[in-house]
Amino acid sequence: MPPMPQMGPGGPKRGPGGPHGARLTAEKPKDAKNTLKKLIAYIGRNKYLFFALLAVMLIITLLSLAAPSLQQKAIDFIQIEDGKLTVDFDGMIKILAVLGAVYLLSSVFTYLQALFSAKLSQYTVKTMRRDLFANLVRLPIRYLDTHRHGDIMSRMTNDVENISTTISQSIGSLISGVLTVIGSLVIMMIYSPLLTLISLSTIFLTIFVSGFLTKYMKKYFVKQQILLGALNGHVEEMVVGFKTVASYNKERDAVEQFRKMSDDLKKTSIRAQIYGGVMGPCMNIISNFGFILIAAFGGWLAIKGSITIGTIQAFILYSKQFSRPINEIANQYANIQTAIAGAERIFEVMEADKERDDGTESFDVQSVKGDIRFKDIRFGYVPEKPVLKGLDLDVKAGQKIAIVGATGSGKTTIVNLLTRFYGIDGGEITIDGKSIYDIPKDNLRKAIAIVLQDTVLFSDTIEENIRYGRADATSEEIKKAAEFANADEFIDRLPEGYQTHLSEGGSNLSQGQRQLLSIARAVLADPKILILDEATSSVDTRTEMNIQSAMVALMKNRTSLIIAHRLSTIRDADKIVVIDDGRVAEAGSHETLLAQKGCYYRLYQTQFAGVKT
């Protein structure tokens with residue numbers, strides 16, 4: 001897993017492409033064989049549908065194998081005896097009638113094959129997509145912070161869709177191909193062992209050519225999927241951050257970067273498709289060479305009287321049926337490779353280490369007091385670059401603790417560790433004397449409510465966004481929470497009030513309004529421990545004053561951790577803790593810390609007196 005960058009007050013520091021950008025280097029599938037086994041296992045989950053498809057393909061194969069034999073018999077009703085042409089029309093008409101019925105039945109079952117293949121592919125990818133999403137939401141925050149979101153979305157959409165297409169188009173061909181090859185080979189041996197050996201002589205050439213081309217194809221199909229994920233990541237970033245792009249007049253740079261990434265994808269895709277597309281024509285050339293050999297040796301055998309003209313014609317058809325599945329698989333090899341590459345990327349997410357929950361001790365959320373202790377905490381997003389270096393901090397139940405410090409000092413990291421978004425490297429964190437790793441994760445997080453600096457809202461109504469704090473809350477409770485957070489005033493001014501539907505991320509509201517909804521959500525959750533990560537940083541001074549009283553009431557009788565940059569908001573905290581170089585440098589009241597003229601004094605002077613530290 002790539003290393004995690006150091007976090008500042010607002011979370012991980014990302015470049016334009018996430019913490020590390022996209023991985024654009026091509027790799028061969030780590031284990032294509034194992035990936036294929038897992039994919040087949042997903043297909044096999046729909047057993048009845050799979051066996052129905054198998055039965056249909058068996059019938060289609062039998063009908064296709066019967067057709068050349070019937071044609072041979074029809075042709076052999078034409079005889080030349082004593083220089084005269086004789087035709088057994090009665091026998092020929094009967095055979096042709098049977099042949100027509102075979103073709104009709106073949107068409108019907110071919111339709112059923114398409115129907116079952118489509119259903120099998122959709123049921124398979126539905127299961128795969130469901131499992132992928134279920135695993136995705138259980139991934140640790142570290143994984144999501146170190147992988148581009150657009151690339152993860154690409155795995156959920158493009159890669160899954162490629163698998164769907166391949167299953168619907170190729171699964172029937174693969175089943176039919178195996179059955180047809182076996183059946184054709186048996187019948188060819190019955191007709192003429194010598195011609196069968198001649199026909200098989202081209203197989204070795206086929207294996208050599210396909211193996212040679214496959215070696216070059218794999219890396220391009222894997223790289224194609226990686227580039228596609230990177231392109232999706234770029235588009236997602238540009239859409240989410242378009243205001244920033246526009247404000248810095250970077251539209252041309254964004255377009256140029258997109259053009260370059262798109263060109264790289266185009267070139268890689270062309271190479272992949274060329275190698276994938278050349279497979280079919282090469283197989284056709286080899287097959288046609290085999291037909292020439294069969295026609296030549298078959299004609300020689302017919303002249304000797306060993307076989308009939310009808311037998312030669314039937315043998316050529318069986319030889320085509322024998323080579324057709326190989327050619328079809330060769331033609332679809334590009335799609336198959338794309339699907340395997342995509343499946344490997346999907347299983348990579350599914351098999352990534354999940355967020356562990358070893359908590360087994362009983363923990364009644366309602367009876368939590370809120371005593372928190374950080375003892376000798378050591379942690380680093382990158383092992384060789386520790387953020388916290390033996391931090392010790394005691395928070396008594398009901399205390400309002402403000403945590404301040406320079407950017408990158410580890411303030412937000414403390415919150416991430418308390419909520420188990422990340423695991424500590426050393427030390428111990430306890431709540432009411434219990435290690436947070438002994439407490440079930442769900443119970444731990446139910447006891448804590450967080451109001452983040454970056455507000456997260458969903459594409460739903462205002463009411464449902466507030467209800468996110470407590471799913472069983474009534475509409476009346478939601479309104480009271482909004483009133484408590486002073487959010488009711490702007491909500492009531494909206495045309496649809498609490499039923500106003502928010503756009504993605506709540507972009508149809510101001511940043512301050514979004515922050516008020518986030519605070520209302522925390523009010524509704526009624527937590528025992530409250531964390532405010534610079535919760536009022538995005539509201540104007542008047543709005544900040546309006547919510548201060550609500551925040552004071554909200555924090556009453558609750559353990560509260562306030563991460564602050566604006567020191568004016570934390571003067572009334574029970575204790576101010578200054579973090580410096582990964583440790584607690586100072587702790588005390590506002591007046592006490594100013595009198596000490598240490599780290600807090602320098603921070604305060606920087607904000608209010610313009611003194612450089």
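This chain uses plain numbering: 1 for the first residue, then up along the sequence.
A salt bridge does not link Lys38 to Glu344: none of the charged nitrogens lies less than 4.0 Å from a carboxylate oxygen. In this structure, Asp131 pairs ionically with Arg45, as a charged nitrogen and a carboxylate oxygen lie closer than 4.0 Å. Under the 4.0 Å criterion applied to side-chain N and carboxylate O atoms, Glu463 and Arg467 are assigned as salt-bridge partners. Comment: Arg259 engages Asp263 in a salt bridge, judged by a side-chain N to carboxylate O separation of less than 4.0 angstrom. Taking a cutoff of 4.0 Å between a charged side-chain nitrogen and a carboxylate oxygen, Asp574 and Lys400 do not qualify as a salt bridge.
The shortest distance between side-chain heavy atoms of Leu418 and Ile414 does not fall below 4.5 Å. Using a 4.5 Å cut-off on side-chain heavy atoms (C-beta onward), Tyr437 and Arg420 make contact. No side-chain heavy atom of Leu593 sits less than 4.5 Å from a side-chain heavy atom of Tyr601. Contact of the Phe458 side chain with the Leu502 side chain is not registered, since no non-hydrogen atoms from C-beta on lie closer than 4.5 Å. Looking at Leu561 and Ile563, their side chains never come closer than 4.5 Å, going by heavy atoms from C-beta outward. At least one side-chain heavy atom of Ile429 sits less than 4.5 Å from a side-chain heavy atom of Leu417. Here the side chains of Thr500 and Ile491 are not in contact, with every heavy-atom distance at 4.5 Å or above. Using a 4.5 Å heavy-atom threshold, the side chains of Tyr422 and Asp145 count as touching.
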task: Mind running side chain to side chain donor-acceptor pair (under 3.5 Å) on Ser589 and Thr592 for me, showing each step along the way?
output: CA-CA 5 Å; Ser589 66; Thr592 301; 2.8 Å; yes

- Determine, stepwise, if the pair Leu393 / Val577 fulfils side chain to side chain contact (heavy atoms under 4.5 Å, CB included). CA-CA 9 Å; Leu393 177 62; Val577 176; 3.7 Å; yes

Q) Taking it one step at a time, do Glu483 and Glu489 satisfy side chain to side chain contact (heavy atoms under 4.5 Å, CB included)? A) CA-CA 8 Å; Glu483 291 173 2; Glu489 292 184 10; over 6 Å; no

Could you go through the side chain to side chain contact (heavy atoms under 4.5 Å, CB included) check for Gln513 and Leu494 one step at a time? CA-CA 12 Å; Gln513 289 171 334; Leu494 296 173; 5.8 Å; no

Might you work through the side chain to side chain contact (heavy atoms under 4.5 Å, CB included) test for Ile579 and Leu391, ending with a clear yes or no? CA-CA 9 Å; Ile579 306 298; Leu391 180 136; 3.7 Å; yes

Which is it for Tyr381 and Thr413 under the side chain to side chain donor-acceptor pair (under 3.5 Å) test, yes or no, and what are the steps along the way? CA-CA 9 Å; Tyr381 297 105; Thr413 299; 2.9 Å; yes

*asked:* If you apply the rule side chain to side chain donor-acceptor pair (under 3.5 Å), what do you find for Gln224 with Ser269, and how did you get there?
replied: CA-CA 6 Å; Gln224 176 181 276; Ser269 297; 3.2 Å; yes

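A donor-acceptor pair under 3.5 Å is absent between the side-chain atoms of Lys354 and the main chain of Leu136, judged by distance alone. Put simply, the side chain of Arg378 never gets that close to the backbone of Leu388: no donor and acceptor are under 3.5 Å apart. Asp460 contributes no side-chain N or O that, together with a main-chain N or O of Asn465, makes up a donor-acceptor pair within less than 3.5 Å. Without hydrogens or angle criteria, Asp581 side chain to Ser409 main chain gives no donor-acceptor distance under 3.5 Å. A donor-acceptor pair under 3.5 Å is absent between the side-chain atoms of Ser164 and the main chain of Val160, judged by distance alone. Ser168 places a side-chain N or O within 3.5 Å of a backbone atom of Thr165 that can act as its donor or acceptor partner. A donor-acceptor contact shorter than 3.5 Å links the side chain of Asp432 to the backbone of Lys369. A side-chain donor-acceptor contact under 3.5 Å links Glu586 to the backbone of Cys599. Listed for the Asp371 side chain is no donor-acceptor partner under 3.5 Å among the backbone atoms of Ile431. Using a distance-only test at 3.5 Å, with no hydrogens or angles considered, a donor-acceptor pair links the side chain of Thr559 to the main chain of Gly398.
Residue Ser560 holds its OG atom at 9.0 Å from CD1 of Ile401, rounded to the nearest 0.5 Å. Separating the CG atom in Leu144 from the CZ atom in Arg142 is a distance of 12.0 Å, to the nearest 0.5 Å. Rounding to the nearest 0.5 Å places OG1 of Thr419 at 10.5 Å from CD1 of Ile529. The structure places CG of Leu120 at 5.5 Å from CG of Asn46, a figure rounded to the nearest 0.5 Å. The distance from atom CG of Leu509 to atom CZ of Phe490, rounded to the nearest 0.5 Å, is 5.5 Å. Here the CE atom belonging to Met153 is positioned 12.5 Å from the CG atom belonging to Asp159, to the nearest 0.5 angstrom.
Remark: Tyr123 OH is loosely packed, at most 12 non-hydrogen atoms of other residues, nucleotides or ligands lying under 6.0 Å away. Environment of CZ in Phe133: sparse, with no more than 12 heavy atoms of neighbouring residues, nucleotides or ligands closer than 6.0 Å. Atom NZ of Lys480 has 12 or fewer neighbouring heavy atoms from other residues, nucleotides or ligands inside a 6.0 Å radius. Within 6.0 Å of the NZ atom in Lys441, the count of heavy atoms belonging to other residues, nucleotides or ligands exceeds 12.
In terms of heavy atoms, Ala520 sits closest to Ala482 at CB-CA, 4.0 Å. Across every non-hydrogen atom of Ala343 and Thr35, the tightest pair is CB-CG2, 3.7 Å. Asp264 and Leu227 make their closest contact through O-CD1, 3.7 Å (heavy atoms, listed as atom of the first residue, atom of the second, distance). Nearest approach of Ala254 to Met238, heavy atoms of both residues: CB-SD, 3.6 Å. Closest approach of Ala487 and Leu516 over heavy atoms only: CB-CB, 3.9 Å. Pairing each heavy atom of Arg155 with each of Glu348, the nearest pair is NH1-OE2, 3.0 Å.
When the salt bridge (charged side-chain N to carboxylate O under 4.0 Å, His left out) test is applied to Arg373, the partners found at least two apart in sequence or on another chain are Asp394.
Using a 30° and 60° split on the angle between ring planes, Tyr600 and His590 fall in the perpendicular class, above 60°.
In this structure, Lys479 forms a cation-pi arrangement with Tyr498, its terminal cationic atom sitting closer than 6.0 Å to the ring centre and no more than 45° off the ring axis.
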